[in-house]
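Convention: sequence-line order gives letters A, B, ...; per-chain numbering from 1.
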Amino acid sequence: MSGKSFLKMENVSMTFPGIKALDDVRLEIFEGEVHALMGENGAGKSTLIKIISGVQQPDEGSKIFLDNVEVRFSNVGDSIKHGINAIQQDLSLFPNMSVAENIYLGRSKNGRVDWKECTRIAEEAIAVLGISMNVQEQLGNLSMAKQQMVAIARAISFESRLLIMDEPTATLSFSEVKMLYSIIEKLKKQNIAILFISHKLNEVFKVSDRVTVLKDGKYVGCRNIAELDENKLVQMMVGRSVAYASLNQVSYAGEKILEVNDISKKGNYKSISFDLHKGEILAFTGLVGAGRSETVKALFGLNPPDSGEIYLKGKKIEIKNVSQAIKNKIAFIPENRHEEGLVLAMTMKDNITLPILKRLMTSLQFINRRSVNEETENYVKKLNIKPPQINKLAGNFSGGNQQKIAVAKWLITDPEILIIDEPTHGVDIASKTEIHRLLKDLAKEGMAIIMVSSEWQEVFALSDRVIVMRHGRIVHEDNTATGDQNLMMEKAILGGK
Amino acid sequence: MIEKLKTKLTLNEIVLSGAFLFIFLIGIFSNENFLSIRNILSLFQQMSEMGIMAMGLTLVIITGGMDLSSGTTMGLCAVVSGLCLTHGIGLALTFAISLSVAVLCGILNGVLIAVVKIPPMIATLGTQMFFNGIALALSQGNSISGIPEKFYFLGQAKVAGVPLQMILLFAFAAILFIILKKKVIGQQIYSIGNNSKASLYSGIRTTRVILFVYIVCSVLCCFAGNIQVSRVATARADMGTSFLMICISAVVLGGTSIDGGNGGITGTVVGILIFAMIGNIMNLVGISPFWQQLATGSILVLVVVFNKTIEMQKYKIKSRKV
Amino acid sequence: AGDDYTIALISQQIGIPYFETSNVWGMEAGEDLGCEVIYTGPTASDAASQANIVQDMITKGVDCIAISPLDASAIEPALKQAQEAGILVITWDSDVTDTSLRSVYVNAASYQTLGEHLGERFAEYMGGEGQYAIITSVLTSQANSEWARYATEYMEANFPDMERVAYEPCDDDQSKAYSITQNLMIAYPDLKGVLGVTTPAPPAAAQAVAEAGRNGEVVVTGVVEASVAKSYLEDGSMQEANIWHPGKLGYLAVYTAKTLLEGNEMTDDMEVPKVGTIDVEGDQVIMTEILDITAQNVNEFDF
Amino acid sequence: MKKILERRETGVFLILAILCFMLSIISPAFLSYTNIKNVLVNNVPLGIMAGGMTFVLITAGIDTSVASQMMFSATWISIFVTKSPLANPVTVLLLAAVIGLCTGAVNGFLISKFSIAPIIVTLGTASIYRGIILVYTNGTWIMNLPDWFTNLCRTWNMIPLPVVYTILIFVISAYILKRTYFGRSVYAIGGNRNAAKYAGVNIGKTIFLTYTYCGLMCGIAGLVIDSILGNCQPSGSTGWEMNAIAAAVIGGTNILGGSGTMAGTAIGVVMMGVIENGLVVAHIPTYYQKLVYGLIILVTVTFDVIRKNFADSRKQTIEMD
Ligand SMILES: Nc1ncnc2c1ncn2[C@@H]1O[C@H](COP(=O)(O)OP(=O)(O)OP(=O)(O)O)[C@@H](O)[C@H]1O
Ligand SMILES: Nc1ncnc2c1ncn2[C@@H]1O[C@H](COP(=O)(O)OP(=O)(O)OP(=O)(O)O)[C@@H](O)[C@H]1O
Ligand SMILES: [Mg+2]
Ligand SMILES: [Mg+2]
C-alpha cells in the first residue's frame, strides 16, 4: 500500500494544564488506506484526532499538511470543509432532534435549512448502512445501538476524504461490527482514508493496513500490519508483553445466593429467570440493545420489575430503590463511568470512600481523614491504580485507571453480589487483563459476580456461565467451558426457537 | 508567606479578596465614619439577614439546584411569626410554628425537585408565587405591627456590644462550614452537585440529601425573616423579596459555581459583605441609591470577567511553560 | 460652622414622581436656607432597607433625619437609635406610630383626612351611587392601604348606594394598572368609577377608560401629580386629581428641620417662604389644603 | 393527527381552552372582543420578550435581564420621541433595534467570550441597564409621548396593531428557528453542546447571536410598551423576566435546553394573560389572586413533568418482539 499522502502531521504537541498529552507526535495517512491508531488509555489518541478534526488547537510549532499543503483548523467547520469527518469517542448526537436532522446538521452554511434535502440525505445515508429506520423519529427514542448506527451514518454521509472513528465498536456487538467492516471495505474502494481507533486487537488486524502506536503522548512507531503480530503490537503499546490468558478453567462456584424468578417489565425485559451462586462469574451477553443492562439494573433497584420474584439466600426480597439494593449487599458498576460511575471533579479518595463515608467517622461524628486515606491506599495497592496519588481528581486518570477506581469504589462496600456492566469498556489491553484477574480473584474469595459484556473474548475468557439475551428475553444459557460457542453466537443473532 | 498563600488560595479567592480590599479602602478614604466600630457593627447588623439567606442558597446551589422561593419563604415565615406574636402566642411556640412552616416550604420544594423531578428553577418559580400568595392571604396585605417587645431580642439585642444577629450569622456560617467540609452530608452535597447519577449509584440517598438542603435553606430563610421582624418590629409579606437576586449574585461572587459541585460558605459571606459595603459607603457619601444598583451589577460582572480572564491567561502561560 | 447643618431627607421610595418633586423642592430649600440636604430612600418599597438607610445616616452623623416612613412601625427601632445618637428626628408626609420618636410631624394631611377627602370627591363625581374599584400600589404599602381604607369607610358611611367591587394592587407599575382597569371594566360591566390611591394608577386607569371610549361614564380620580394628570384631565378621561403639593411638603420638611436645629420653633400661622401660611397643632406642622386639580386649574400647578 | 396529539403544546393548549371555557361561563364578557383584545394587547411586550427568551432557553441559557433591557430601550425611545426633531416611525424603530442589539450583544459577548454562566452575566447586566436609566432619569416618568407615536400601537379597524406586530415577529422567529442554520444550531447547542461543537457549529458565535437576538426582541418590546402606554416609567416592569421565563416554560420550552417552539411560547404567554385577566373577571378577591396564580402555574408545570416522567418510564427502551 503506497498511496498518495493525504494527511501528514509533524511535531504535534498538545499541552493541557499540568499535562503534556501529546509530545512531538507524527502521523501520516495515505489516500484510501485504513490506518489504526493504537495505544494504552491516556496515550493521547483521542487528543490527536481532536486536533485533526479541529476541535482542539495544538501547541505552536505543530504542523499539519493536507496534500502536502500546510493547513490550520481553527474549528470543526474548517476540517469538514477539507473533507475530514469524525465519529468522536463519546456519542455526539442530539437526542431532541430527529434522526434526519442529526445526520444533516452542520451542512447548510448559507443559512437556510432545506428540510426535503435533509430527509433525502438522511435516507440515503441510512440505506448505505443497509438498515431501515424512520428518519423522522426523534433520536432520543432509539436504542443505544441504533444511535451508534446513526452516528456512523452521519459520518459517512459527508463527502469525506478522511473518516475518523474513535472506538466506533465499543458499544457495538459483532453483527453490527461486521456491517461496519463491510462499510469500511466499501469506503476504501472509493479511495477514502480511514483512521481507526480501537482497543480490540483482532479488529485492528482484520481491517487496518498500517498502524501508528502512541505511548504516554509520545510517538512509538508506524508499521505495516503485515509486519506485526499481536505480541509485537502489544509490546509496542505497553512496552512489555501481556498474556491474555483464559481464566475460566477454574470455577469457584458455591452455594446459591440469588434466584430470579420470571421477572418482567414492559418494554424492558420479559420472563427473566436465573440463579446465581457464590464465587461464580455469570456473564450476560447478546447484541447491544438486547436488554442486558435493563435486566441487571432491575437487581439494583434502578429498573424495578412489574412482576416476578427475586429471592436472596432463599428469602424473598423486593428491591425498589438503590438503598434497598445496597442494604442487601448488592453493588452495581454502571457501564458509563463518566456519566454514572464516577464523580469526575472529586479526588480519587473521595470517590472511593463515597459509599462508605458513614463508617469512617471520628467519635465526634466528623469525617476521619486518616481512615479515608488508609482505606483508599489499601485499595490503590490492591488494584494497582496508577499513579497512586489519592488526591488526584478522578477525571485526570486514564480510562483504565478510572475503571479501576469505579471498581474500588464498590469493592469497598464489601458486597456479596457484584454487578458489573461492561467491565472493560474502552479499557486498554493491559488494564483489561488486570481487571479480569481482579474479578476472578474476587470470585475466588466468594463474591458472586454478574458481568454484562458485549465482547465474546471477554465472556469466554472470564465467565463460568453465560446467559444470552435477545429482544429482552433469555434465549440461551450454558456453561462457558463446555458450551458451544458458535451456538451461543447464533442464538444471540437469530434468537431461540 | 505569599507563596504559601498562593498555593493555599484558589484564584477566585484571591480575586475576591482583592475586590473586598479595594472596596474596603474606598470606604476608608471616602468617609471617616466608615471604620468606626458603630458603623462596622451596623453593617453586620444590616447584612446578617441577607447573609443567612445567602448561606442557605449556597447549599442549594452547590447541589446544582436553585431556590427562587427563598425570598418569599422569608416573607411567609415573617408573616406567620407576626400573626402568632400579635395573637398572644408565646415566643417558643411562635418559633416552633414559624419553623414548621419553613420546613413545610422546604419539603414542598424538595419534593417537587427531588421526587417529581421538576427543574429547580421552574419548581421554585412556582412556589415563589405560591408562598407569596399565602403570605398575602394570611396578612391581608397589611403590615403586622404591635410585635411584643420581648421578641425584640432577636434583632435588636446586643451581647457584649455585638448585635445578636451578627453572632447568629457567624454561628450559622460556622455550622454550615463544618457540615460542608467535615460531615458526610457535606461531601454528599458536593458529589450530588458534581454528578447526581453517580452519587445515586454510590448509594447516596440523593432524594433525602436534596430534601435536606432545601429544608435547611427554608429554615435559614425563616431565621432571616424572624430576625427582620424583630429588627423592624413589624411583619410584612414582602419581606425578603428584594433579597433574592442580591443573594444569588453574592453566592456566585463568592465563588460557588451556579452549575453546582463547588463553592463554600466563606465566599458567600464575603460576597454579601461586599454588596453591603457598597450600599453602606454610598449612603455614607450620600450618593443616590440608583448608583448602588449600577455599582452592584458592575462589580458582579467585573469580578467574574476578571476572574475568567486571569484563568485563561494562566492557562496559556502554563501551557507554554510545560 | 454651627449653621452648616446636614439634613437627611428620606423618602419612601426614590424614583417615583411624587417624591422626586419633594426632592427637587427639598434641595431648593437647602440652597435657600444654607444647609446641606441629602435626599435618599430605598429603590424599592422595602421597609427594612429604609431602616438600613437611617442607620447609615446615623453613622454619617447628620444633624437631622427627616423621614417619610414606608411603614409606621417598622422604622421605629432605627429612629430610636437616631434619637439615642442625639439626632433630631422629624417625620414628613406620613408619621410613625410611636410619636415620641420624632419631634415634629410635617403633615400635609393625615391618612384619614386625605382618605376621606378622596372618598368625598370621588363620590361626588360618581353621583353617590354605583360600583367602583380602588387601585393601590402593593398590598403591603401602608399609606396607600390606609387612604383606600378611609376612603372606603367614608363612602360606606355616607353613600349606601355605592359598592366597592374590587381592590387591586398594580405594583406601582403603570402598565399593570392599565391592564387591571381594562380587566375591571370587563369583569364589572356596570363599573362606574376607579379611584387610584397611588400615583401610577389614575393616569393608567384614565387611559384605559379613554381607549374603551367611556370617558365620563367611568369616573377616574385619585392621587396623582398635576403634570402627570394634565393630559388626562384635559381629554376628559380623568375627572380630578387630589393631592397636596409634594414639593412644598419637602420644602417645608427641610425648613422645619432647619428651624428646629437652630433652636427656634414653628408657630401657628407662620408664613413660610414659597410654601405659604402653615398651621401648627401640638407637635404637627400642617400644610393646610389639599389641592383639587381639575381640567380648569391644572395649568396653575408646577409639579 | 397523531403528531398533533403527541406535541407538547397540545396539552397546554387544552388546559388553556378549558380555562377559557370555564371563564366564559363565569362571565360572558370574558369572550367579548374587547376583553380578548385587551388580554392580547396587554401581553404584547411580555410576549415579544418571551419570544427572545425562547431562543435563549433553547440553548440551555437564561436571560434575567430582559425586563431591564426592555425598559432601557423604552426609556431612551421615549426621551428620543419627546425631544428629538428627527423622530419618526422609521428612526424610532431603528433606534429600538440598535439599542436592543447593543444591550443583547453585551450579554452575548460576556457570555460567549468569557464562558461565564448566563444567569450571572444577565443578573449583573440587569442591574447595570436598569441602574443607567434610573440614574439618568432619576426615576421620573417621561410623559405625553406624541400622538403619531402612540398611534403606532392603536387599534385600526378592529385590528389591534401591536398584536399584528407580535404575530409577525413570532412568525419570523419561528422561521429562523425552524429553517435557518442559526436556528438549528440553537437547538443543537441546547441539545448537546459537545456534539454541536463536533458537528462544526460555531458555539461562541451562535450563543452571541442568540443573546443579541433576544436583546433585539427586548428593544422592540420597549418600543411597543411605550407606544401602548403613551408614557414611560423607567422603574416599571420589574420582575417581568420571571414572567417571560414562566411563559416560555409553560409553553413547553425545556429550561434545560434543546427543545421549545414559538407556537408553544405564544400559547404560554396567552395562558399567563388569561390567568391574570381571569382572576379579576372571576371576581377572585385580591388577597387570594397571587395564591391562585402560583397554584395554577405550579399545577400546570407539575402535571406536565409527571406526564413526561411517566411517559419516559413506560418507554420501550429495547426492541422486544
Ligand atoms: N481537556 C483536558 N484537560 C486536561 N487533560 C486532558 C484533557 N483531555 C485529555 N487530557 C489528558 O490527555 C491525555 C490523553 O488523553 P486522550 O483522551 O487523548 O487518551 P486516549 O489515548 O484517547 O485514551 P483512551 O483509550 O482511554 O480513550 C490523558 O492523560 C488525559 O488525562
Ligand atoms: N430509547 C431510550 N430512551 C432512553 N434510554 C435508553 C433508550 N434506549 C436505550 N437507553 C439506555 O441506554 C442504555 C443502553 O441501552 P441498550 O439498548 O444498549 O441496552 P442493553 O442491551 O441493556 O445494553 P448493552 O447491551 O449495551 O449492555 C440503557 O441504560 C438504556 O436505559
Ligand atoms: Mg480516547
Ligand atoms: Mg448496556
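Put simply, the side chain of Asn328(A) gets close to the backbone of Gln324(A): a donor and an acceptor are under 3.5 Å apart.
Distance CD1/Ile122(B) to CG/Leu68(B): 8.5 Å, rounded to 0.5 Å.
In plain terms, the two heavy atoms of Gly395(A) and Gln402(A) that are nearest each other are O-NE2, 3.4 Å. Contact record, Ile118(B) with Ala123(B): CG2-N, 3.8 Å, taken as the closest heavy-atom pair.
At a heavy-atom cut-off of under 4.5 Å, chain A is reached by Ile178(B), Lys181(B), Lys182(B), Lys183(B), Val184(B) from residues 171-184 of chain B, listed in order of number.
In terms of non-hydrogen atom pairs under 4.5 Å with chain B, the most contact-rich of Ile356(A), Thr353(A), Ile326(A) is Ile326(A). Counting heavy-atom pairs under 4.5 Å between each of Ile333(A), Leu302(A), Leu344(A) and chain B puts Leu302(A) at the top.
A donor and an acceptor atom, one from each side chain of Ser13(A) and Lys20(A), are nowhere located under 3.5 Å apart.
A 6.0 Å sphere centred on CD of Glu374(A) holds more than 12 heavy atoms belonging to other residues, nucleotides or ligands.
With a 4.5 Å cut-off on non-hydrogen atoms, Leu200(B) touches chain A through its backbone and its side chain both.
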Report task. May I have the step-by-step check of side-chain hydrogen bond (donor to acceptor under 3.5 Å, both in side chains) for Thr256(B) and Thr58(B), ending in yes or no? Result -> CA-CA 7 Å; Thr256(B) 300; Thr58(B) 309; 5.2 Å; no
